[in-house]
Amino acid sequence: MRSFLFVPGDSARKFQRAREGAADALILDLEDSVAAGQKDAARGITRDMLGADRNTQALFVRVNALDSGRTLGDLAAVMPLRPDGIVLPKCAGAADVAQLANYLDAFEAATGSESGSTQIVGVATETADAIFGLGGYRGASPRLWGIMWGGEDLAASLGATTNSIEGAFTEPFLLARNLCLMGAAAAGIVAIDTVSTRIKDLDHVEAEARAARRDGFGAKAVIHPSHVEIVNRAFTPTEAEADWAQRVVDAFRDDPQAGVVTIDGRMIDKPHERAARKILAASGRQGRGLPQ
């Protein structure tokens with residue numbers, strides 16, 4: 001999954017438009033995009049969205065935070081419809097993931113869903129406290145697919161007057177971004193880049209997406225349909241990248257005892273092979289050097 005498009009949980013119209021687009025996953029949002037007075041109604045509308053005929057898009061639901069008093073009610077509303085995953089906002093660390101995983105165990109058992117089938121994405125940088133938990137996600141739960149960073153709620157938590165200047169994130173927010181990336185890599189899960197709030201500046205969206213993929217993020221969240229194709233392109237390896245990756249995998253397949261191989265006069269070692277396998281997986285190739 002390369003692109004996660006947020007859809008307000010109380011807007012069937014926006015959901016229908018999102019279904020017609022190319023986002024790999026939709027996040028049906030019961031939290032920030034729904035006004036307080038609409039939250040109960042949004043549960044029913046989101047149920048209808050989940051009950052619609054499924055296409056190839058994964059459907060995640062962002063529930064309200066664990067300290068909101070609404071998490072269990074949100075899960076009770078949506079889990080019978082078997083969403084592909086739950087997005088947990090204000091996630092402060094591995095303990096929050098484990099708590100949500102326990103809830104999902106119970107709801108899957110109650111609804112007859114396959115045990116462990118509901119994935120988790122944690123929004124992991126929304127409070128100052130959460131920043132200190134970014135290195136602890138390894139082993140939190142087999143359900144944990146990835147962690148996402150975001151700067152809007154973090155700005156409020158820090159008391160910052162802004163999180164960016166002329167479109168560039170300021171230092172505290174770059175720190176959150178980079179620690180999210182490092183924490184995800186340490187845990188062996190996917191790092192998800194934050195949304196771009198510059199809705200009409202598509203060049204800026206592309207620059208953000210390409211920088212995110214360059215640095216190691218595996219996906220990006222978006223809040224406007226016009227951003228989806230840009231993000232998908234940025235996170236799809238080029239043919240040249242996939243060809244290089246296949247050559248690397250083939251070289252190690254042909255010499256399985258080698259720690260280092262040489263390609264075009266360049267030393268290639270095992271970290272390059274691991275990177276090459278990720279590129280082939282992202283490109284959708286099943287090369288002859290990869291397990292089927």
Side-chain angles (χ1 to χ4, degrees), residues 1-6 23-32 50 57-68 71-72 74-75 78-79 81-109 111 113-127 129-150 153-154 176-195 212-213 215-222 235 274 277-278 281-282:
M1 291 182 285
R2 304 159 295 177
S3 52
F4 286 77
L5 174 61
F6 279 96
D24 293 331
L26 306 182
I27 299 177
L28 311 180
D29 188 19
L30 294 173
E31 197 216 12
D32 282 350
L50 291 169
Q57 292 170 318
L59 296 182
F60 284 65
V61 176
R62 180 163 71 170
V63 296
N64 287 278
L66 291 172
D67 63 358
S68 69
T71 313
L72 285 173
D74 290 342
L75 292 172
V78 303
M79 285 300 291
L81 280 302
R82 302 185 181 186
D84 295 293
I86 298 296
V87 177
L88 180 64
K90 314 296 189 298
C91 185
D96 284 357
V97 172
Q99 182 175 345
L100 175 59
N102 286 336
Y103 290 162
L104 295 180
D105 288 343
F107 279 110
E108 286 174 348
T111 59
S113 300
E114 180 183 352
S115 178
S117 59
T118 313
Q119 296 176 313
I120 295 173
V121 167
V123 188
T125 69
E126 293 189 297
T127 65
D129 180 58
I131 301 302
F132 296 97
L134 286 169
Y137 282 99
R138 178 177 290 277
S141 170
R143 297 177 182 274
L144 185 60
W145 188 87
I147 51 176
M148 181 188 303
W149 89 277
D153 287 276
L154 181 59
R177 171 195 188 270
N178 295 341
L179 287 176
C180 178
L181 175 63
M182 304 293 180
I189 57 178
V190 177
I192 306 169
D193 192 33
T194 192
V195 302
R213 181 177 173 236
D215 290 347
F217 284 89
K220 185 173 177 63
V222 297
F235 281 89
R274 291 194 293 271
R277 287 178 177 274
K278 289 181 180 179

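Numbering starts at 1 and runs along the sequence shown.
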Calculate, to the nearest 0.5 Å, the distance between atoms [atom1] and [atom2] belonging to [X] and [Y] respectively.
X      : Y      : atom1 : atom2 : answer
Ile86  : Arg62  : CD1   : CZ    : 12.5 Å
Trp145 : Gln119 : CH2   : CD    : 7.5 Å
Leu144 : Tyr137 : CG    : OH    : 7.5 Å
Glu114 : Arg82  : CD    : CZ    : 9.5 Å
Cys180 : Asp193 : SG    : CG    : 8.5 Å
Phe217 : Met148 : CZ    : CE    : 11.0 Å

Residue among Leu81, Val78, Ile27, Asp84 satisfying side chain to side chain contact (heavy atoms under 4.5 Å, CB included) with Leu59: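 By the side chain to side chain contact (heavy atoms under 4.5 Å, CB included) criterion, Leu59 pairs with just one of Leu81, Val78, Ile27, Asp84: Asp84.
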Are the side chains of [Y] and [X] in contact, using a 4.5 Å heavy-atom criterion?
X      : Y      : value
Tyr103 : Met79  : no
Val87  : Asp29  : no
Thr118 : Glu108 : yes
Asp24  : Ser3   : yes
Leu104 : Leu100 : yes
Asp74  : Val61  : no
Leu134 : Ile147 : yes

Stepwise side-chain contact (heavy atoms from CB on, under 4.5 Å) check, Leu72 with Phe107: CA-CA 10 Å; Leu72 285 173; Phe107 279 110; 4.0 Å; yes
With sequence neighbours excluded, residues passing side chain to side chain contact (heavy atoms under 4.5 Å, CB included) with Thr194: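 For Thr194, the residues satisfying side chain to side chain contact (heavy atoms under 4.5 Å, CB included) (neighbours in sequence not counted) are Trp149, Phe169.
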Quick check: closest heavy atoms across [X] and [Y], and the distance to 0.1 Å?
X      : Y      : value
Asn64  : Leu30  : ND2-O, 3.1 Å
Ala94  : Ala140 : CB-CB, 3.8 Å
Ala187 : Arg138 : CB-N, 3.6 Å
Leu88  : Cys91  : O-CB, 3.7 Å
Val222 : Val195 : N-CG1, 3.7 Å

For [X] and [Y], indicate whether the former's side chain and the latter's backbone hold a donor-acceptor pair under 3.5 Å.
X      : Y      : result
Thr125 : Gly150 : yes
Glu31  : Ala65  : no
Glu126 : Lys90  : yes

Trace of the side-chain contact (heavy atoms from CB on, under 4.5 Å) decision for Asp153 with Val123: CA-CA 10 Å; Asp153 287 276; Val123 188; over 6 Å; no
Arg177 vs Asp215, side-chain contact (heavy atoms from CB on, under 4.5 Å): CA-CA, chis, key distance, verdict: CA-CA 11 Å; Arg177 171 195 188 270; Asp215 290 347; 2.9 Å; yes
